[in-house]
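Inspection log for the structure reproduced underneath, given as structure tokens.
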Amino acid sequence: MDEKKVLEALKEYRKIDLKYEDGRILGSMCTKPHPISKKIVEMFLETNLGDPGLFKGTKKLEEEVIGMIGELLHNKNAFGYIITGGTEANLMAMRVIKNMKNRNAKILIPETAHFSFDKAEDMMDLKFIKVPITKDYTIDVDFVRDYVEDHKVDGIVGIAGSTELGTIDNIEELSKIAIDNDVYLHVDAAFGGFVIPFLDKKYKKKRINYNFDFSLEGVCSITIDPHKMGLSPIPAGGILFRNTPLKKYLDIEAPYLTETQQATIVGTRVGFGVACTWGIMKLLGKDGYKKIVSECMGNTIYLTKKAREYGIECVIDPIMNIVALKDENPNETCLKLREKGWYVSICKCVNALRIVVMPHVKKEHIDEFVEVLASLRV
Ligand code: PLP
């Protein structure tokens, strides 16, 4: 095939894909990357952070980006990586716990945890204890405290922005338990990490403790993904650790590379995720992210109101830009919506449809969607 034919053929495949801008993707935590990404990807296309000695500029960018995210999370000394996504980030944190303890590590994890932790359990010598959730759909802190005091536990996982409902576990209490009992605490803020720091006061609820970062002394590591609400192109996940000594629990000898230790799970890895995250964070600044988060929260509230007008109720008053709409048979409704061109996802912890109000979801899409959903119920 010549180049023209190749590109024409690829265009046909691409036509089959859904497009964020059509507003029909309502269940994804990813969105259309910031427009500057195209230029940055072109500039950094061939870079490989798996061999950082060859791409010293890109490696420097990664260190700077980790510094910027570290500052956002109140820890200038954090070390970490921009990797493939939240899954790799959580796997890396679980590897640290496993290697610190050097035996079958026991880890407390909320029932609301993302399935990437199931992969970790499957791949490593770990034993997860699933902690029940309270009526607010957050980790039962009393259960954690009692369990940790009565058993030998190596790690605790808390979620700041659960995948299904966007709920925030009481990380401050988990941090106290972790310190008192010398247990490693990992916070999965894959989604919430680029939301919570930018939430306007008017969207915050009194009964929720929004503290989730390194300002809490018990927090040892945080997953925070630029390719979700950070607006970076995929792949750009983030893992930050409290301090550099933890690196030794990740390092594997890599004798034939320019750096002889490698900490990430993926070997050869793109550099453009780092460059895009650096560029987008510099370009948007805190005010830019605040504006984006406020728009998403405004649209989230709009969706809840619109749904209520049609008698469709929410499972909880949304905490971030994730809405769970009660539905007796979410699997069936999800399929019917798909036939009509709308792609939502479903919750596992409760009978509900799950909608993530990402920046590509606008009021006009919400209007159309709610009408279609209501029409399925009559
Ligand atoms: N953690 C949380 C809380 C998530 O919501 C997700 C994805 O939705 C992940 C981890 C996994 O992220 P990724 O799909 O980027 O691997």
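For ligands, and for the atoms within them, numbers begin at 1 and follow the listed sequence. What you see is a predicted model; the values in this text were computed from it and never measured.
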For [X], counting its heavy atoms only, list the atoms of ligand 1 lying under 4.0 Å from any of them.
| X | value |
| --- | --- |
| Thr163 | 2 (C), 3 (C), 4 (C), 5 (O), 8 (O) |
| Asn90 | 1 (N), 10 (C) |
| Gly85 | 15 (O), 16 (O) |
| Ala190 | 1 (N), 2 (C), 10 (C) |
| Gly161 | 3 (C) |
| His227 | 15 (O) |

Could you give the distance from NZ (Lys119) to CG (Leu91), rounded to the nearest 0.5 Å?
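One gets 8.0 Å once the value is rounded to the nearest 0.5 Å.
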Polar contacts were defined as any N/O atom of the residue lying under 3.5 Å from an N/O atom of the ligand; does this apply to Gly86 and ligand 1?
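Yes, there is a polar N/O contact under 3.5 Å.
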Under 4.0 Å between a Lys/Arg side-chain N and an Asp/Glu carboxylate O for Lys336 and Glu332?
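Looking at Glu332 together with Lys336, the answer is yes, because their closest N to O distance falls below 4.0 Å.
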What is the closest protein heavy atom to [atom], and at what distance does it sit?
| atom | result |
| --- | --- |
| atom 8 (O) of ligand 1 | Met29 SD, 3.3 Å |
| atom 2 (C) of ligand 1 | Asp188 OD2, 3.4 Å |
| atom 11 (C) of ligand 1 | His114 CE1, 3.2 Å |
| atom 16 (O) of ligand 1 | Thr87 OG1, 2.5 Å |
| atom 12 (O) of ligand 1 | Lys228 NZ, 2.9 Å |

So do Met94 and Phe128 actually touch side chain to side chain, heavy atoms under 4.5 Å?
yes
Item to complete: Report the part of Thr84 in contact with ligand 1, treating N, CA, C, O as backbone and CB onward as side chain, heavy atoms under 4.0 Å; options are side chain, backbone, both, neither.
Response: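 Neither; nothing of Thr84 gets under 4.0 Å from ligand 1.
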So for Asp225 against ligand 1, with non-hydrogen atoms under 4.0 Å, the contacting part is side chain
Report task. Indicate yes or no for a side-chain donor-acceptor contact from Arg354 to the backbone of Cys347 under 3.5 Å, with no hydrogens or angles considered. Result ->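 Flag not set: sc Arg354 to bb Cys347 has no pair under 3.5 Å.
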Check your understanding: Should the pair His360 and Tyr20 be assigned to parallel (<30°), tilted (30 to 60°) or perpendicular (>60°) ring geometry?
Key ->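 It falls in the tilted class, 30° to 60°.
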Could a heavy atom of Ser162 be found less than 4.0 Å from some atom of ligand 1? no
Side chain to side chain donor-acceptor pair (under 3.5 Å) pairs touching residues 236-255, sequence neighbours excluded, are Lys247-Asp251
Exercise. Please say which of Lys326, Arg308, Lys305 ends up in a salt bridge (charged side-chain N to carboxylate O under 4.0 Å, His left out) with Glu313.
Key: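 With Glu313 as partner, salt bridge (charged side-chain N to carboxylate O under 4.0 Å, His left out) holds for just one option, Arg308.
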Check: Aromatic ring centroids of Tyr147 and His151 under 6.0 Å?
Finding: yes
ask   = Do Phe272 and Phe44 have their ring centres less than 6.0 Å from each other?
value = no
A quick test of your reading: do over 12 heavy atoms of other residues, nucleotides or ligands sit less than 6.0 Å from CZ of Phe115?
no
